[in-house]
Visitor: 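Here it is, the structure, as structure tokens.
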Amino acid sequence: MALVVASVLAAGALAPAASARPAPGSPSPTPTPTPSPSPSSSASASSASASYERAIPPLTDDRGRALTLRGWNVEDKANRGEDALSAITERHFRDLRAGGFNFARLLVFWDDLEPRRGQYSARYLRKIERILDWARKHRVHVLIDAHQDVFGPAFGHRGIPEWATRTDGLPFTPNPDDWFSEYFQPAVQRAFTHLYEDPDLQRAQAAMWQVLAERFGRHPAVIGYDLINEPMGELREGEDLATAARRIEAEHLTPMYNRLARAVRAEDRSTWIFVEPTPIVGEGVPTGLGRIKDSRTVYAPHFYNTAMEAGADYDPDAGWIEAYEAAVTAYPARHRMPVVVGEWGPLNNALPNMGRFYREAVASLNRYSSGWAGYVWCYGGGYCAVDERGRFRTNKERTATPYAPAVAGTVRSDTYDAGTRTYRLAYRAAVRPGVTELSLPPSSRGWRVSVTGPARVLGDGVRGGWPVVVAWPGSEVVVTVREAGPYGRTDHP
């Protein structure tokens, strides 16, 4: 064991985190896929969970370690032009890391990057780079998200530039009391159709992504590119929403993602590419996406419920989480793609059943995904994770649990019991010596870490931190983390 530890330390195990890019030439896991459970049955979802877990491969880094991403979206929707991204500061990344998180989904806007066709903003690119440098300093992986809400500024929101917005003169009526309903305005729907179908707009979107990939593809903080946020489209006469979503995903999104993947790969051969279905997946509707012809693709659905977004409390008897889990796992299991949920979290998080929602939601996400980004890391009210002083808002602290950001081996099981505040990781260590990383959120009571098998824990995570485990190559290891004392709210620095 002393030789193993020395070997790992000599290889720089405790140096800055490895790149999240796949190891060159390393094959993706190819387990046999199994049928997805029915979205209408929570019992089916539970009984089939082990099957789809085996069929969905993990996200990996360039050392071949299985990664888990836990974090939050980071955004500035209010400022643009010279003030763009000014609401994002180094504090965001310092606090994320201090809270036990290792992931940020950074919202960037095409209308800021290319305000006039063919003219890319050097100032905006420098601001993105400064944010990525903060993330690197605090060891936070960043997903660059090409964000749009209701298409873009032509409709009073952010995203696709006005010069790339074509409506054929169809009407648009704003609805500030229900902004999501604006996606169903005729002008907005037609704008999406033109984006997907017009050759010059296809080329412009691909060129925009090539600018980002060429500039940031080698930045050590960048884990991936989310090609478009919550894409929508045009409903045809007589179509219900679920049918329209599956058609849009099959006929428009699939070719768009393949087109953009080819554009990105011309500049960056290794960074992960994240693809989203339409937001309708949140209603437990399986996606109609087809095959993305890129071996480094991540399925990145969002996890929102219409009723809860409208202000309703969580209904534990409705079976929504079970239906969502069953529906959302079929596609990545079939295509052998890792899953990272790009957004989730209700607005009214202090309602009576929200504590149970967070507990059940986190447990569900951990069953099938390689991670998630809550919405949103900001300091205040509304969707913000923390208040002005940096303290978790009601129930949001339930997202800060122990986990393993990187496992040097094959994970056998990975579970967290919120009732006893106990985390348990069982894995078979890789043949090549490597380091398994742990994340323990801040705790006034302290954490106790124990290991069975030929392994050692290095580093102090008693009050929260980032200890590591070094194991004998090929050995079976079980790591158990318990909070000292009864369950209580964790302290946030």
Visitor: Can you tell whether the side chains of R448 and E483 come within less than 4.0 Å, N to carboxylate O?
Guide: no
Visitor: Under a 4.0 Å threshold between the charged nitrogen and the carboxylate oxygen, would R424 count as salt-bridged to D414?
Guide: no
Visitor: Before giving the answer on ring pair (Phe, Tyr, Trp, His ring centres under 6.0 Å), spell out for F192 and F151 the whole-Å C-alpha distance, their side-chain angles and the decisive distance to 0.1 Å.
Guide: CA-CA 7 Å; F192 275 106; F151 203 78; 5.0 Å; yes
Visitor: Does R97 have any salt bridge (charged side-chain N to carboxylate O under 4.0 Å, His left out) partners at least two apart in sequence or in another chain, and if so, which?
Guide: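 By the salt bridge (charged side-chain N to carboxylate O under 4.0 Å, His left out) rule, R97 matches no residue at all.
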Visitor: Do the two ring centres, one from W377 and one from Y383, sit under 6.0 Å apart?
Guide: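 No; Y383 has its ring centre 6.0 Å or more from that of W377.
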Visitor: For D294, which residues count as a salt bridge (charged side-chain N to carboxylate O under 4.0 Å, His left out) partner, sequence neighbours excluded?
Guide: R265
Visitor: Do the rings of F303 and Y324 sit parallel, tilted or perpendicular, given the 30° and 60° boundaries?
Guide: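 Taking Y324 first and then F303, their aromatic rings sit tilted (interplane angle of 30° to 60°).
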Visitor: CZ of R482: more than 12 outside heavy atoms within 6.0 angstrom?
Guide: no
Visitor: Taking the six-membered ring for Trp, are the ring centroids of W344 and Y375 within less than 6.0 Å of each other?
Guide: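 So the answer is no for these two rings.
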Visitor: Which residues pass the salt bridge (charged side-chain N to carboxylate O under 4.0 Å, His left out) test with R428, sequence neighbours left out?
Guide: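 With sequence neighbours excluded, R428 shows a salt bridge (charged side-chain N to carboxylate O under 4.0 Å, His left out) to E476, given in chain and number order.
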Visitor: Can you list the residues that meet the salt bridge (charged side-chain N to carboxylate O under 4.0 Å, His left out) rule with E276, with sequence neighbours excluded?
Guide: R105
Visitor: Within a 6.0 Å radius of atom NZ on K77, are there more than 12 heavy atoms belonging to other residues, nucleotides or ligands?
Guide: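 Atom NZ in K77 is packed in, count exceeds 12.
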Visitor: Looking at every heavy atom in both H302 and N229, which two are closest together, and how far apart are they?
Guide: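 What the structure gives for the nearest pair is CE1-OD1, 3.1 Å.
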Visitor: Using the test side-chain hydrogen bond (donor to acceptor under 3.5 Å, both in side chains), find all partners of T480 that sit at least two apart in sequence or belong to another chain.
Guide: none
Visitor: Which class fits the ring pair W466 and Y403: parallel under 30°, tilted 30 to 60°, perpendicular over 60°?
Guide: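 Correct class here is perpendicular.
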Visitor: Please enumerate all residues that pass side-chain hydrogen bond (donor to acceptor under 3.5 Å, both in side chains) together with Q189, with sequence neighbours excluded.
Guide: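 Result, side-chain hydrogen bond (donor to acceptor under 3.5 Å, both in side chains) vs Q189: none returned.
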Visitor: Where do A104 and F93 come nearest, in terms of heavy atoms and distance?
Guide: CB-CE2, 3.8 Å
Visitor: Within 45° of the ring axis of Y427 and under 6.0 Å from its six-membered ring centre, is that where the NZ or CZ of R412 lies?
Guide: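 Cation-pi check for R412 and Y427: fails.
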Visitor: Nearest 0.5 Å, please: how far is OH in Y196 from CD1 in I248?
Guide: 7.0 Å
